[in-house]
Student: 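Mind looking over this structure? Questions follow.
Reminder, nothing fancy here: chain letters follow the sequence lines and each chain counts from 1.
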There are 2 protein chains.
Amino acid sequence: MDDRKLKILEAIIDEYIQTGEPVGSRNISKKLDLKLSPATIRNEMADLEEMGYLEQPHTSAGRVPSDRGYRLYVDSLMSPRQFDDQEGLAAMTEILHSKIDELSYMLQRATRLLSQITGYPIVATAKTDGDTEIIKNVQLFLVDVEKAMVVVTTESGSIHNRIILIPADATQDQVDKVAKMLSAKLHGVEISSIDVALANTLSKIEGIRIDILLPVLQGIVESRRRNEEHRTYTDGAKNVLEYPEFSDSARAKELIGMLEEKGFIRDVVTHMEMDQEQDLYVSIGSENQDEKMQDCSIVASTYDVDSSHRVLIGVIGPKRMDYARVVSVLKDMKSVMNRREIKSLNPDSGAHIEGDK
Amino acid sequence: MDDRKLKILEAIIDEYIQTGEPVGSRNISKKLDLKLSPATIRNEMADLEEMGYLEQPHTSAGRVPSDRGYRLYVDSLMSPRQFDDQEGLAAMTEILHSKIDELSYMLQRATRLLSQITGYPIVATAKTDGDTEIIKNVQLFLVDVEKAMVVVTTESGSIHNRIILIPADATQDQVDKVAKMLSAKLHGVEISSIDVALANTLSKIEGIRIDILLPVLQGIVESRRRNEEHRTYTDGAKNVLEYPEFSDSARAKELIGMLEEKGFIRDVVTHMEMDQEQDLYVSIGSENQDEKMQDCSIVASTYDVDSSHRVLIGVIGPKRMDYARVVSVLKDMKSVMNRREIKSLNPDSGAHIEGDK
DNA sequence: TGTTAGCACTCACCTCGGTCGAGTGCTAAT
DNA sequence: ATTAGCACTCGACCGAGGTGAGTGCTAACA
């Protein structure tokens with residue numbers, strides 16, 4: 001595997017990524033300044049095919065990269081194109097300033113922006129660090145008749161809240177009692193260990209009404225579940241139709257359907273990452289776990305929004321996606337994110353209020 | 001315009017809705033048990049075309065309904081097919097039991113279910129009753145270091161909340177003071193009238209720190225804005241690709257793009273309704289405000305989730321959509337909704353907690 | 001007078017053969 | 001090791017001809 005072969009392979013993949021058409025020897029001979037004739041290129045191409053980096057759709061067509069070819073390209077061939085869209089960077093910066101409790105809002109805006117910049121569908125999801133969500137603090141307030149809000153702060157730093165219905169005849173006093181008791185007793189408890197048995201135990205404490213306690217506990221459990229489930233966003237599904245590999249509408253429909261199936265797409269994107277230990281992951285065609293994804297590639301990256309929130313953003317495209325560009329966009333986003341940290345703790349409130357009217 | 005013409009028109013539209021192909025006289029002659037020859041049908045068709053109910057794509061093709069034809073069909077011709085998908089009804093019932101603060105969650109599930117049942121894209125949005133959101137109550141709690149939660153209850157009954165960042169050196173006492181002041185002063189105030197001037201006025205009150213007050217007010221304004229913007233959901237965009245009228249991928253891309261543009265689709269669906277005063281609206285092709293929607297029809301309906309929450313659900317499809325079926329589904333949904341009311345106030349908490357683990 | 005049979009006509013769509021051209025693999029010359 | 005030359009492959013494109021569904025019109029019919 002000499003250097004020349006690598007150069008040729010890179011040129012072929014570059015070209016194919018751009019055009020989507022099988023690329024021929026003549027084309028490469030011209031584009032590459034190696035002063036080689038098409039015939040020589042052809043020989044090299046035959047070799048590369050034998051080695052499994054290229055494929056031929058049919059005898060008299062040009063060559064197309066194989067998954068293995070893309071992998072080599074991504075790992076060591078491609079030249080990271082400089083991404084320098086000032087406007088995009090500015091928009092990113094603005095989005096990342098979204099305040100701390102607006103994680104979901106931030107994700108939504110980020111998916112939108114990235115899908116516009118890259119021209120691919122985007123998926124973004126908040127990562128949870130394992131199953132163990134340990135309660136740090138529980139608060140409970142009456143907010144309206146029959147309605148109370150329960151707010152759970154976890155050790156991992158996330159804050160869930162939920163409105164619950166409580167009996168109409170519950171007095172402020174009774175609610176306070178429940179609140180005080182929970183605040184004391186639930187510290188350090190895992191959310192997943194909350195169940196009816198616990199409710200029964202707790203309700204033994206003097207003055208605790210079980211009919212207030214139960215909805216509260218239920219609210220705690222659900223607030224967390226909803227949080228997880230909900231925090232997956234996709235955008236730019238329409239971009240799927242941009243690429244000839246999905247011109248077959250059945251295929252396009254399948255992919256768009258997958259993008260709409262939040263749980264599914266979340267799994268795909270989180271599982272793929274389990275394999276490796278970098279912070280930028282690329283999964284190409286057959287490397288994807290799910291076989292429905294075999295025609296797609298995913299480039300994903302994680303971001304630490306702050307000390308306790310980690311986010312995963314993935315770009316989904318055809319195998320022929322513009323890896324160089326996508327990677328550079330995701331990296332730029334990361335650097336913007338790092339600069340962000342300072343600002344987020346210092347929101348310039350006044351100005352905002354006016355602007356929001 | 002005699003009765004026979006109407007029967008023929010209905011048959012033509014029924015047929016066209018089913019097949020999507022221009023329908024010919026022979027076809028109708030057979031399908032209809034009027035014992036009329038194709039020639040007669042042809043004459044009638046020519047009349048109907050003259051009257052503007054039918055169109056001819058080209059001379060030697062069959063007839064296709066015009067927007068006017070569809071309108072007549074929807075208003076007085078179509079026979080409301082009985083929808084009776086037990087499974088679907090059960091799922092609806094289950095979804096509608098989602099608890100009161102889970103409006104967004106409910107909407108998401110409803111869009112999903114309806115898109116599956118109908119095979120069309122669905123849009124759902126929470127309606128706000130005008131611009132006037134009057135504050136009933138404001139509460140403020142510290143939930144973590146530097147983080148507080150502000151909860152706004154409005155006269156219309158909706159509850160918004162938001163986590164805000166406050167200065168690290170704010171004491172519980174200072175926060176309480178702000179909370180008490182706001183609770184007293186903001187009652188009856190319109191959210192939209194909150195601005196920096198108000199902040200300045202309020203901060204004059206003894207012991208109020210402006211650097212706590214400002215983020216809180218900002219939080220109030222934003223919580224509401226976010227609420228509005230966010231509560232629009234779409235699902236089933238993939239279904240667009242099911243229909244030959246969108247086999248042109250540019251057209252499909254456009255529509256899917258519109259569905260992803262939440263603000264836009266929300267406008268389309270809310271504006272259309274302004275025209276009329278029923279609770280089930282149908283907008284056909286050119287009747288749509290936005291010209292990008294001229295190839296689509298929308299069937300929409302409003303639902304009162306409870307006394308203070310009204311929701312709008314719209315089904316978007318090609319003009320050739322199966323109006324009868326869609327209308328019946330939306331109506332069934334409404335009847336399920338009515339039965340719901342009682343249950344929602346009586347959540348059976350215990351069982352849920354176990355199930356959720 | 002409304003209905004129908006018959007007929008000529010239109011037009012999208014399918015199929016089929018032919019041509020074109022991009023691309024290959026192989027061989028022989030450099 | 002490289003290249004020129006050449007025969008070959010195969011999808012894409014094109015135009016001609018045939019097919020069939022459907023029409024409008026006219027004249028006959030009940």
Student: Give a yes/no on whether any side-chain N or O of B:R4 is located under 4.0 angstrom from OP1 or OP2 of C:dT3.
Tutor: yes

Student: Strictly below 4.0 Å, N to O, side chains only: are B:E245 and B:R320 in salt-bridge contact?
Tutor: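 Yes, B:E245 and B:R320 are salt-bridged.
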
Student: Short question: side chain of A:Y120, backbone of A:Q116 - any donor-acceptor pair under 3.5 Å?
Tutor: no

Student: State whether B:D3 and B:K7 are salt-bridged, where the test is any N-O pair (Lys NZ or Arg NE/NH1/NH2 against Asp/Glu carboxylate O) under 4.0 Å.
Tutor: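 Result for this pair is yes, salt bridge flagged.
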
Student: Check this for me: does any side-chain nitrogen of one of B:E260 and A:K238 sit under 4.0 Å from a carboxylate oxygen of the other?
Tutor: no

Student: Check DNA chain C against residues 57-68 of chain A and give the residues with a non-hydrogen atom under 4.0 Å, in numerical order.
Tutor: A:T59, A:S60, A:A61, A:G62, A:R63

Student: In terms of heavy-atom contacts, does CZ of B:R26 have more than 12 from other residues, nucleotides or ligands at under 6.0 Å?
Tutor: no

Student: Are the charged groups of A:K292 and A:E254 less than 4.0 angstrom apart, N to O?
Tutor: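 Salt bridge: no.
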
Student: Indicate yes or no: does A:R63 engage A:E55 in a salt bridge with an N to O separation below 4.0 Å.
Tutor: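 No, no charged N to carboxylate O under 4.0 Å.
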
Student: Could you list by number each residue of residues 30-38 of chain A showing a heavy-atom separation from DNA chain C of less than 4.0 Å, or answer none if no residue does?
Tutor: none

Student: Within the 4.0 Å limit for protein heavy atoms, which parts of nucleotides 25-30 of chain D are touched? Write it as a string from 5' to 3', B for base, S for sugar-phosphate only, - for none.
Tutor: B-----

Student: As a test of understanding, state which of A:I122, A:L259, A:T118 forms a side chain to side chain contact (heavy atoms under 4.5 Å, CB included) with A:I316.
Tutor: A:L259

Student: Taking A:T40 for its side chain and A:L36 for its backbone only, find out whether a donor-acceptor pair lies under 3.5 Å.
Tutor: no

